[in-house]
Amino acid sequence: MKGKLIFILLLNYFALYAQTDLVWQNYTTENGLPQNSVKDIITDKYGFLWIATENGITRFDGSQFVTTDEQYNKQRYRNFWGNIEKDTIFNVDEQGSTTLLISKRMPQEKVWFTKYLKTTTIYNGVKYALYNKNNAITPRMDREFLFINIGKYIYFIGNNLITIHDPLTNTGKKMKAPFNMRLWKNMFMHNNTVFVSISGQKKILKINNGQFSQIECSSIYTDPESIIYWSQGNQKVYIINKDIIYKSTYKDDKLGAEKITIIPNLIKKFKALTIKSMVYDEKSQHLFLGSSARGLFVITIPQFSSPVTESAFDSNVFYSTLPFNSNSVMTPQGNIYDSTSQIITPRRPDNKDMYHDYKKYSLAINNAKDIFFIKNGMLYKRLRKYNYNKSVKVPAHEEIDVIFNKDEQIYLTYIKNNKYYLAKYDDNLQKTTPLFYFNYPIYDVKKYNNQQLLIAGFDGLYIGDSSKKEIKKILNYHSKRIIQTSDRNIWILTKNHGFYLLRKNMTVRMPVDENSYLLDPHTILEDHMQNLWISTNNGLFKVRIQNLLQFSKHLNKSVGYYRYTDQDGLPTNEFNGGGNPNGNILSNGQMVFPSMNGLVFFRPDKVKSFYLKSTDFYIDRAHLDGHQITIKNNILNIPNNDFNVLEIFVDFPYFNNFNNVDLHVAVDNGKWIDLGVHRKHTVGKLTPGNHKVIFRYLDANNNYIYKTVDVKIGFFFYQSQYFKIAVIATSLFLAFLVVKFNERRFKSKNELLAKANTEIDAQKEEINSSNIIREKLIEAISHDIATPIKHLSHLSKKLNDTDSLEIQKKYFHSIHKSSELLYRFTLELGNYAFLFTNTVEETVSYLLNDLLMEKKVFFENIAQDNNTTIKFNPKDELYIQTNKSVLAAIIHNIIDNAVKNTIDGHILIEMTYDNSFIYIQITDDGNGMSPEQIYYYNNLHSILIEDVQLQKKGSGYGLKFVLLLIEKIKSQITFNNNTPQGTKIEIKIPN
């Protein structure tokens, strides 16, 4: 979990105190840093921060560390070198054996570069060490001979001597240096120009193209207390002077120092934290510090300021204020504050408790610039002509609740007989004129449409006409503020119901932020750039007026709010909304908001908002089941869908409050998902084919920027549509061939039978009989083969409808098993010819168990489609001589009917015997038969052919076919209802 620290460190030998306007964050191994000893830090041309540690190099984007697991990265690395603009950053491990190249946001090993980044070299028989002063506090020059690469030259530095070597011509130029090696710790560089500060002489020496000269500069450069830190990899120069950090600049042959920030006890803190490296990112306004023992520190440079309260009688909680002059405000107590401190504290009365009788929630100012305030329920005003040092009581006979000025008019509310009276106050006449009274408090008022007034109160928003004494409510929510912006639009702020735009006496509710903090806005201030600044109980929001107006017209337009919090330097996230006014714009351009921890001053034109740019948004990393894969040209190719989790990462440098990045994702034009603070999307498993993963975010212009990744997933051979179609077609064709084969076989037999019958005297009758037998035979075969073929067709459809590998394998197995059983069954269809002839007993006894088990196996796979099980567990072996073909057809049709009519149930096959009969019972708990059907089949022999209605109660061909066959083997069959549901059929065969 990312450790966010308000910088408080207790050390054994001294204490460090945090500066309240700086936000410190500390990142260690607990947050993903490879190791807590940071050797160097650098920013690349894409804005990412790279950190060298004793256990590899990592990339930091403001939220997470990205570290490769390659073996070459598990080294102790040192300082960064190279050219940021050319996207070539190097670092050599401590042994000098491995060189890491950082380019295109990725590290890679470059062994062949190592010889060009040597830390020592021999020149003219003297050993020189690479110049390095990568220590922000105590740069040391331990070597007597140093070298450094400057442009196309190499500078070899000795005591009072510099040799400039040209590698191309292999020539050197010696120059006497007017200083010794001790001063080289004050060396720094701008644009291949070397500068050396000589504090004793209070001058800067410049070395350019082999020439010495002096240059004028700020005294900060030569102050003996100044520490000059040159970040060689970043080519940035920083000056630490007392508690201030400066950035050094060089332009038009002039050196300049720009203030970055103030850190109290800076040197002590840096030493205590063992700070070695430092980089300031101007875009994000963050200072990055590398510690040799405590990891990475990130300091947010505040954009807001808050004055220090000195009064012992004051808490640091503020409500209502009014501008005092161009850069300060006054409170109801008379205290005056600017952006840094309390300027004036009025003389206190002898009774100090009296100070707390001031009402902090209300202030007003008249045209003479006198300031009205309330104390002990009485109205007072501080007089401008006495520079507000004198106050007088204002004649008012009732208890004053609130006073405010709007539209050059002073309004007040007073309490009388438990009613709240809204009144105008004329300061010249010292007269109070009541307008309306209410049962609840009134918080704000404003002129509206000539004679009308808008009135915001506890129980809603009203429009009142004092001349007509008419008033009506137009909003039922607790209304706090009425704000009119420069475009004449009026905004209504409510308690816990957001804020509204008022148009033609109608209110349009504005959208709130994702966390709903804007449900309770306190006040609105407008800057000259057409932005609204809205204070809340959880942060300060900025939004463009134009975005809100577009939403009011279309109601579906996105509105991007930018939220500032204590991470941006606010003293607290909780602003106060009880005062009137509770926000001011000073003539110097500053805005002032009261909060629970001081007054917040800032210049809106100086406060930055940090938005993502399309040029800083990259999608080139993904993980497939934890293994890293690369996205090239926004295309991700995956061989097949034999994986469980696909994670796609979005990379962008963003070191500010990540809640302001409105990042969403959608897959295949599905629903947009808010990614929150996460910079990745877990897609999960996808079907083979082409998919689109689309990311979007709001830019500074309130428009969505889209980035799309095309995910292409290959097919297994059996997942292709062609394969599925081929399987289905082949299965149907095979079934067709089997049927055709048997039809031809039966046809051939029938022809032989017909030919034989022509030799019999009753040729015509035999021919007719043969035709009848053939028709019945085909009908019987078609009936018995229909169910398994339908089952095969159903399985094929389900195979085509699913993309699951496991389910497909299951269906393939089922199709194979069913096809094999069907094939075996069709081979025996020839025996159906015996069903319509005079049957005879079998000459050899056969095992009844085998016949029943064969039918159980045949239908078992089909029954599984209905989630039905078939059970047959014979206790004894029973041999029988009843015609096997006929009995098989009977059992086949009865089980077929049971399977068709049983869903989520059980079918039980049993056999018993006694001395006279063999009993076969087939029981199911399916749909069952109606009483009419049971009566029909149990009494079919006695039903008259004219009883048409009763015949319709029967089923189809199957059971009638069974009853016909039962007579052929001289057996009996009975139909009964099963308890609690289903059918029980018993076949009684002579033993």
Side-chain angles (χ1 to χ4, degrees), residues 20-21 285 301-309 316-332 335-343 360 363 365 371 404-406 444 480-487 489 491 493 499 517-518 520-545 547-548 561-610 657 660:
T20 57
D21 57 351
Q285 295 186 341
I301 308 302
Q303 304 188 81
F304 306 91
S305 60
S306 183
V308 177
T309 302
N316 215 25
V317 178
F318 290 85
Y319 294 91
S320 181
T321 60
L322 277 175
F324 176 73
N325 56 26
S326 64
N327 62 351
S328 62
V329 295
M330 176 184 286
T331 67
N335 297 332
I336 300 173
Y337 299 88
D338 64 11
S339 61
T340 60
S341 62
Q342 182 173 334
I343 301 173
K360 297 182 179 182
L363 279 174
I365 188 169
I371 295 178
F404 37 80
N405 57 284
K406 283 289 187 75
D444 206 357
K480 302 193 299 185
R481 294 287 170 270
I482 304 170
I483 308 293
Q484 186 173 44
T485 47
S486 59
D487 56 7
N489 281 309
W491 307 87
L493 281 61
F499 65 107
Y517 298 140
L518 282 169
D520 189 13
H522 295 330
T523 194
I524 290 177
L525 295 182
E526 178 188 6
D527 63 25
H528 68 276
M529 297 171 288
Q530 301 297 300
N531 296 312
L532 298 184
W533 296 78
I534 310 172
S535 60
T536 71
N537 284 327
N538 204 328
L540 178 65
F541 288 82
K542 183 175 78 171
V543 61
R544 292 191 62 81
I545 297 178
N547 297 343
L548 295 174
Y561 295 99
Y562 194 92
R563 176 172 170 252
Y564 298 91
T565 67
D566 52 4
Q567 294 184 36
D568 303 290
L570 288 174
T572 179
N573 290 340
E574 186 173 359
F575 289 84
N576 272 330
N580 192 348
N582 58 345
N584 303 116
I585 301 177
L586 305 181
S587 58
N588 68 351
Q590 282 185 312
M591 287 184 175
V592 187
F593 285 97
S595 81
M596 292 295 289
N597 190 23
L599 293 167
V600 178
F601 286 74
F602 64 95
R603 291 184 60 94
D605 56 337
K606 300 295 183 183
V607 174
K608 291 185 177 180
S609 300
F610 302 95
N657 189 343
N660 287 314

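Excluded from the calculations below are hydrogen atoms, water molecules and symmetry mates; all remaining heavy atoms, backbone and side chain alike, are included.
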*asked:* Please find the pair of heavy atoms, one from K606 and one from Q303, that lie closest to each other, and give the distance.
replied: O-OE1, 3.6 Å

*Between K480 and P521, is there a donor-acceptor pair closer than 3.5 Å when you use the side chain of the first and the backbone of the second?*
yes

*Okay, side chain of N327, backbone of D338: is any donor-acceptor separation there less than 3.5 Å?*
no

_Parallel, tilted or perpendicular: rings of Y517 and F541 (30°, 60°)_ = tilted

*Taking all heavy atoms of N576 and all of N582, pick out the closest pair and write down the distance.*
O-ND2, 3.2 Å

_Of F575, Y319, F318, the residue whose pairing with S595 passes side-chain contact (heavy atoms from CB on, under 4.5 Å)_ = F575

_Atom pair CG (L540) and CZ (F602), whose distance is rounded to the nearest 0.5 Å_ = 5.0 Å

*Any sub-3.5 Å donor-acceptor pair from R563's side-chain atoms to N538's backbone N or O?*
yes

*Taking K406 for its side chain and I482 for its backbone only, find out whether a donor-acceptor pair lies under 3.5 Å.*
yes

*Compare every heavy atom of K542 with every heavy atom of N531, then report the nearest pair and how far apart it is.*
CB-CG, 4.0 Å

*Tell me, please, which residues at least two apart from F601 pass ring pair (Phe, Tyr, Trp, His ring centres under 6.0 Å).*
none

*Where is the tightest heavy-atom contact between G583 and P594, given as atom of each residue plus distance?*
N-CD, 4.2 Å

*What are the two closest non-hydrogen atoms of P604 and G589, and how far apart are they?*
CD-O, 3.2 Å

*Which pairs count as salt bridge (charged side-chain N to carboxylate O under 4.0 Å, His left out) when at least one residue sits in residues 582-605, sequence neighbours excluded?*
R603-D605

*Please identify each residue that fulfils ring pair (Phe, Tyr, Trp, His ring centres under 6.0 Å) with Y564, with sequence neighbours left out.*
F304, W533, Y562

_With side-chain contact (heavy atoms from CB on, under 4.5 Å) as the test, pick out the partner of P307 among I336, L599, T340, V592._
L599

_Working to the nearest 0.5 angstrom, can you tell me the gap between I534 CD1 and T523 OG1?_
9.5 Å

_Closest non-hydrogen atom pair between N573 and D566, with its separation_ = OD1-N, 2.7 Å

